Asker: 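Here you go, one structure.
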2 protein chains.
Amino acid sequence: MNSKFQNISVEEIERRLKDAGVNPTTQRIAIFKYILCDADHPTADQIKSWADKNFPKVSLATIYNTLNVLVDAGLLRELNLPESDSVVYDKTLSEHHHFLDQQTGHLIDIEGDQIRVELKLKRQLKISEMDILLRGTQN
Amino acid sequence: MNSKFQNISVEEIERRLKDAGVNPTTQRIAIFKYILCDADHPTADQIKSWADKNFPKVSLATIYNTLNVLVDAGLLRELNLPESDSVVYDKTLSEHHHFLDQQTGHLIDIEGDQIRVELKLKRQLKISEMDILLRGTQN
DNA sequence: CATAGAATTGGAATAATTCTAAACTGGACT
DNA sequence: AGTCCAGTTTAGAATTATTCCAATTCTATG
Ligand SMILES: [Mn+2]
Ligand SMILES: [Mn+2]
Ligand SMILES: [Zn+2]
Ligand SMILES: [Zn+2]
């Protein structure tokens, strides 16, 4: 386990798209596969750079369209981190949080079971979601 | 306690600016006082709107300049929330987190002592900061 | 093959923020 | 009071991420 990058066949990618109600076009398959297998929290721009090297032509509009389609279908999540002006896309769908290495800029997934949060709220709040961003350095 | 808005004299504002090494100009005093006394997590645009009603002329560039000066001097913090394209400015300097009311869009400060976090990290990470954003509704 | 709906495209539009270079201010020194 | 100057403010242009738009191209189905 624990290899950050996995190998998923094109057929499997197609199946996942279809199951989510997304028409599996060439561009969508390529972009989704790239994000699932070869990328780590990429930005639209990073995806565009990769696409430019690996495809005859993919427009930036299509990158954004596709990302929005994938997010809306629940196949990706978008993260808006304070330190960056651009959204990063997250393939991990399970509840999890993030650690930002302040030296390298790397973003690391922290699974939900690694953080226990105890709320002693003064107000009566019904919490439906919680985003935690840790910052620091790695030994 | 607990009134969200407090009254601070212009002299006190000036003193705080000077103490932080910030030249207390007319515009800086006005903007800082507005944020400290009358605003709640405002955006640059909201500050501009208020300024337009209360001053002969304050340029948007000055709003941004001032906010950056105040942030750099440690007198304000800037928050970059996922749900908004614009930065909001936070007068609360103590360690705290935020609750976003998904119905009203209101942002509420959650003091640090209301959240206990227990980390069981698999990796060796040295955490220096932690941002927590809660989302939900209020009873 | 025809066709219609969906997807893709290039370029324009939008919006938050920063940059630039010129004009202004207010205190320090005559 | 008058001059000077560093620091501040200003208008408007520039930048950048993302969305919008209208035209073109695909693709699945009949
Ligand atoms: Mn979206
Ligand atoms: Mn800043
Ligand atoms: Zn993640
Ligand atoms: Zn706050």
Side-chain angles (χ1 to χ4, degrees), chain A residues 10 13-14 17-18 20-35 41-52 54-73 75-90 105, chain B residues 10 13-14 17-18 20-35 41-52 54-73 75-90 105:
Chain A
V10 171
I13 299 282
E14 266 194 72
L17 289 170
K18 273 183 200 149
V22 175
N23 213 334
T25 67
T26 310
Q27 291 92 335
R28 288 171 179 175
I29 293 168
I31 293 169
F32 192 31
K33 184 170 195 309
Y34 170 65
I35 297 173
H41 295 103
T43 63
D45 230 54
Q46 287 164 4
I47 296 166
K48 177 74 164 76
S49 297
W50 165 84
D52 285 346
N54 296 273
F55 280 87
K57 203 175 53 174
V58 184
S59 84
L60 184 55
T62 297
I63 305 278
Y64 278 106
N65 286 344
T66 297
L67 291 169
N68 284 331
V69 165
L70 295 176
V71 168
D72 291 347
L75 294 169
L76 289 181
R77 299 167 70 176
E78 51 183 28
L79 302 181
N80 225 307
L81 304 177
E83 3 282 310
S84 159
D85 286 335
S86 10
V87 165
V88 310
Y89 292 87
D90 197 335
Chain B
V10 170
I13 298 282
E14 266 193 73
L17 289 170
K18 274 183 199 146
V22 175
N23 211 336
T25 66
T26 311
Q27 291 90 337
R28 287 171 180 174
I29 293 167
I31 292 170
F32 193 31
K33 184 170 195 310
Y34 170 65
I35 297 174
H41 295 104
T43 63
D45 229 55
Q46 287 164 4
I47 297 167
K48 178 72 164 77
S49 297
W50 165 84
D52 285 347
N54 296 274
F55 280 87
K57 200 174 57 173
V58 184
S59 83
L60 185 55
T62 296
I63 305 280
Y64 277 106
N65 286 344
T66 298
L67 291 169
N68 285 330
V69 165
L70 296 176
V71 168
D72 291 347
L75 294 169
L76 289 181
R77 298 167 70 175
E78 52 184 28
L79 302 181
N80 224 307
L81 304 177
E83 359 284 308
S84 158
D85 286 335
S86 12
V87 166
V88 310
Y89 293 87
D90 197 335

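Source: prediction; values computed, not measured. To find a chain, count down the sequence lines: A is the first, B the second, and so on, and within it residues start at 1.
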Asker: Considering all heavy atoms of both residues, which atom of B:His41 and which atom of B:Val88 are nearest to each other, and what is their separation?
Answerer: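 Closest heavy-atom pair between B:His41 and B:Val88: O-CB, 3.5 Å.
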Asker: Mind calculating the distance between NZ (B:Lys48) and C1' (D:dA11) to the nearest angstrom?
Answerer: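 Distance check: B:Lys48 NZ to D:dA11 C1' gives 11 Å.
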Asker: Roughly how far apart are A:Thr43 OG1 and A:Leu67 CG, rounded to 0.5 Å?
Answerer: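 It comes to 9.5 Å.
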Asker: Which nucleotides of nucleotides 5-10 of chain C have their base under 4.0 Å from a protein heavy atom (B), which only their sugar-phosphate (S), and which neither (-), written as one string 5' to 3'?
Answerer: -SSBBB
Asker: Once you round it to whole Å, what is the distance between C1' of D:dT9 and CZ of B:Phe55?
Answerer: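 After rounding, the gap between these two atoms is 14 Å.
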Asker: Just how far, in rounded Å, is P of D:dT8 from CG of B:Asp72?
Answerer: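 These atoms are roughly 13 Å apart.
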Asker: When the distance from CG of A:Asp45 to P of D:dT19 is rounded to whole Å, what number comes out?
Answerer: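 After rounding, the reported distance stands at 13 Å.
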Asker: Atom CG of A:Leu67 to atom C1' of D:dC20: distance rounded to whole Å?
Answerer: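 Nearest whole value for this atom pair: 17 Å.
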Asker: Flag yes if more than 12 heavy atoms outside A:Asp52 fall under 6.0 Å of its CG atom; otherwise flag no.
Answerer: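 Count over threshold, so yes.
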Asker: Please report the distance, rounded to the nearest Å, between CD in B:Glu78 and P in C:dT17.
Answerer: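 Going from B:Glu78 (CD) to C:dT17 (P), I get 9 Å.
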Asker: Check the pair A:Glu83, B:Asn80 against side chain to side chain contact (heavy atoms under 4.5 Å, CB included), reporting the backbone distance first and the verdict last.
Answerer: CA-CA 8 Å; A:Glu83 3 282 310; B:Asn80 224 307; over 6 Å; no
Asker: Please step through side chain to side chain contact (heavy atoms under 4.5 Å, CB included) for the pair A:Leu17 and A:Glu14, ending with a clear verdict.
Answerer: CA-CA 5 Å; A:Leu17 289 170; A:Glu14 266 194 72; 5.5 Å; no
Asker: Got a second to check how far A:Leu76's CG is from A:Phe32's CZ, nearest 0.5 Å?
Answerer: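 Taking CG in A:Leu76 and CZ in A:Phe32, the distance rounds to 5.5 Å.
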Asker: Can you tell me how far the CD1 atom of B:Ile13 sits from the CZ atom of B:Arg28, to the nearest 0.5 Å?
Answerer: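 Separation between the atoms: 14.0 Å.
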Asker: Restricting to non-hydrogen atoms, name the atom on A:Lys48 and the atom on A:Leu60 that form the minimum distance, rounded to 0.1 Å.
Answerer: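 Closest heavy-atom pair between A:Lys48 and A:Leu60: CE-N, 3.6 Å.
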Asker: Starting from the first five and the last five pairs of the helix from C:dC1-D:dG30 to C:dT30-D:dA1, work out the angle between the resulting helix axes, to 10 degrees.
Answerer: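 The angle separating the two end axes equals 10°.
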Asker: Do you know which two heavy atoms are closest between A:Ile63 and A:Ala44, and how far apart they sit?
Answerer: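 Of all heavy-atom pairs spanning A:Ile63 and A:Ala44, the closest is CG2-O, 3.8 Å.
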Asker: Rounding to an integer number of Å, can you tell me how far B:Asn80 CG sits from C:dA16 C1'?
Answerer: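 Going from B:Asn80 (CG) to C:dA16 (C1'), I get 11 Å.
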Asker: Using only side-chain N and O atoms of B:Tyr64, determine if any of them is under 4.0 Å from OP1 or OP2 of C:dT17.
Answerer: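 Checking B:Tyr64 against C:dT17: at least one side-chain N or O falls below 4.0 Å of OP1 or OP2.
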